[in-house]
Amino acid sequence: MNRRRRQLLQLLAASCALPAAQAAAQAAAPAGASPVSAAENDLFVADHLANVGDARRLVYELERTEGGRPPESERIELRLGEPNADGSRPVRVQFSSTAHGLSLPDIESARGNPVVLAFLERDVRIAQRVTGGQAAHFRRRLRMALADDATVTEIGTEFGGRQVRARLIMATPFANDLNRARYGAMADKSYRFLLSPEVPGWVVELRTLVRDASSGTSINETMRLVEARP
């Protein structure tokens, strides 16, 4: 693994510290350096907020469905400030519920969309609570899967009643985890990230899926952009 990629992965290890992680991810791939993976670049390095236009609020809806239970949902809202001199933006991330203990600091200069790391950090904390495992281990598995094993496919998708070009990133971080026997159905958990440079903030949909073969049930968590407004 080259030095630049190692730096990026180490910095994303602290994904709960969103401002530092995002700024560091941007700095970890300067011109002329060996490139990070396509998945890493699209999720953590790309300038997602360059295309928001006049939008000052990006609103995402996160829905959780679990076999036999009523769906649960919450909203995640990004409040964008005026651009800084370097093109970055101040951002506030607000969850409609703090049921999973996720409260994020304001970001003074974001370029990437912080909702990506917010979604992943929320996922890590739930995994820690459900399995009793270590958050640092789950973050590390996610990082390594995105660096080495994720697939990236160019596709078309519909958004806002129109067709847009998009990138579908897929990963199964725990498939080869030596600790997978401890995780039950979560061992084969899949991650699906749908991003489009034609959609404000790039994030069209982020999704995780757990299928429990023994019970025939599944847990699906899906976050989608539902509104971009001034």
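Here the side chains of Met223 and Arg122 are not in contact, with every heavy-atom distance at 4.5 Å or above. No side-chain heavy atom of Leu146 sits under 4.5 Å from any side-chain heavy atom of Tyr191. Side-chain atoms of Val115 and Val93, non-hydrogen and from C-beta on, never get closer than 4.5 Å to each other. With a 4.5 Å cut-off on side-chain heavy atoms, Val130 and Met186 do not count as touching. A 4.5 Å side-chain heavy-atom check between Val210 and Thr208 finds every atom pair outside the cut-off. The side-chain heavy atoms of Glu66 and Ile219, taken from C-beta on, include a pair separated by under 4.5 Å.
When hydrophobic clusters are built by joining Ile, Leu, Val, Met, Phe, Trp and Tyr residues whose side-chain heavy atoms come closer than 4.5 Å, directly or via intermediates, Leu209 is not grouped with Leu168. Both Ile169 and Phe159 belong to a single network of hydrophobic side chains, linked directly or stepwise wherever heavy atoms of I, L, V, M, F, W or Y lie under 4.5 Å apart. Under the 4.5 Å side-chain contact rule for hydrophobic residues, Val204 and Val59 do not share a cluster. Using a 4.5 Å cut-off between side-chain heavy atoms of Ile, Leu, Val, Met, Phe, Trp and Tyr, with links allowed through other members, Met170 and Leu142 fall into the same hydrophobic cluster.
Using a 30° and 60° split on the angle between ring planes, Tyr183 and Phe138 fall in the tilted class, from 30° to 60°. Between His48 and Trp202, the ring-plane angle classifies as tilted under the 30° and 60° cut-offs.
The OG1 atom of Thr222 sits 5.5 Å away from the CD atom of Glu205 when rounded to the nearest 0.5 Å. Note that CG of Leu194 and CG of Asp42 are 11.0 Å apart. Values are rounded to the nearest 0.5 Å. How far CG of Leu62 is from CD of Glu72: 10.0 Å, rounded to the nearest 0.5 Å. How far CZ of Phe119 is from CG of Asn113: 12.5 Å, rounded to the nearest 0.5 Å. Considering CZ of Arg143 and CG of Leu120, their distance stands at 11.5 Å, rounded to 0.5 Å. In this structure, Asp123 CG and Lys189 NZ are separated by 3.5 Å, a value rounded to the nearest 0.5 Å.
Distance alone, capped at 3.5 Å, places no donor-acceptor pair between the Asn84 side chain and the Asp86 backbone. Between the side chain of Asp106 and the backbone N or O of Val91 there is no donor-acceptor pair closer than 3.5 Å. Here the side chain of Ser88 pairs no donor or acceptor atom with the backbone of Glu108 at under 3.5 angstrom.
Between Gln163 and Gly156 the shortest heavy-atom distance is OE1-C, 4.0 Å. Here the closest heavy-atom approach between residue Gly53 and residue Arg89 is recorded as O-NH2, 3.9 Å. Val152 approaches Ala39 most closely through the heavy-atom pair CG2-N, 3.8 Å. Considering every non-hydrogen atom in both Ala175 and Arg180, the closest pair reads O-NH1, 3.1 Å. Across all non-hydrogen atoms, the minimal contact from Leu225 to Val203 is CB-O, 3.5 Å. Shortest non-hydrogen contact noted between Pro197 and Arg165 is CG-NH1, 3.5 Å.
Salt-bridge formation is detected for the pair Arg56/Glu82: a Lys NZ or Arg NE/NH1/NH2 atom is positioned less than 4.0 Å from an Asp or Glu carboxylate oxygen.
With His137 as reference, Arg140 is the one residue of Arg141, Arg140, Gln134, Arg139 to meet the side-chain hydrogen bond (donor to acceptor under 3.5 Å, both in side chains) rule. Between Gln94 and the choices Arg79, Arg57, Arg75, the side-chain hydrogen bond (donor to acceptor under 3.5 Å, both in side chains) rule is met once, by Arg79.
More than 12 heavy atoms of other residues, nucleotides or ligands shown are found within 6.0 angstrom of CZ on Arg229. Within a 6.0 Å sphere centred on CG of Asn176, heavy atoms belonging to other residues, nucleotides or ligands number 12 at most.
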May I have the step-by-step check of side chain to side chain contact (heavy atoms under 4.5 Å, CB included) for Leu43 and Leu195, ending in yes or no?
CA-CA 8 Å; Leu43 286 167; Leu195 308 173; 3.9 Å; yes
Determine, stepwise, if the pair Arg207 / Glu221 fulfils salt bridge (Lys or Arg N to Asp or Glu O under 4.0 Å).
CA-CA 6 Å; Arg207 179 185 180 194; Glu221 291 204 331; over 6 Å; no
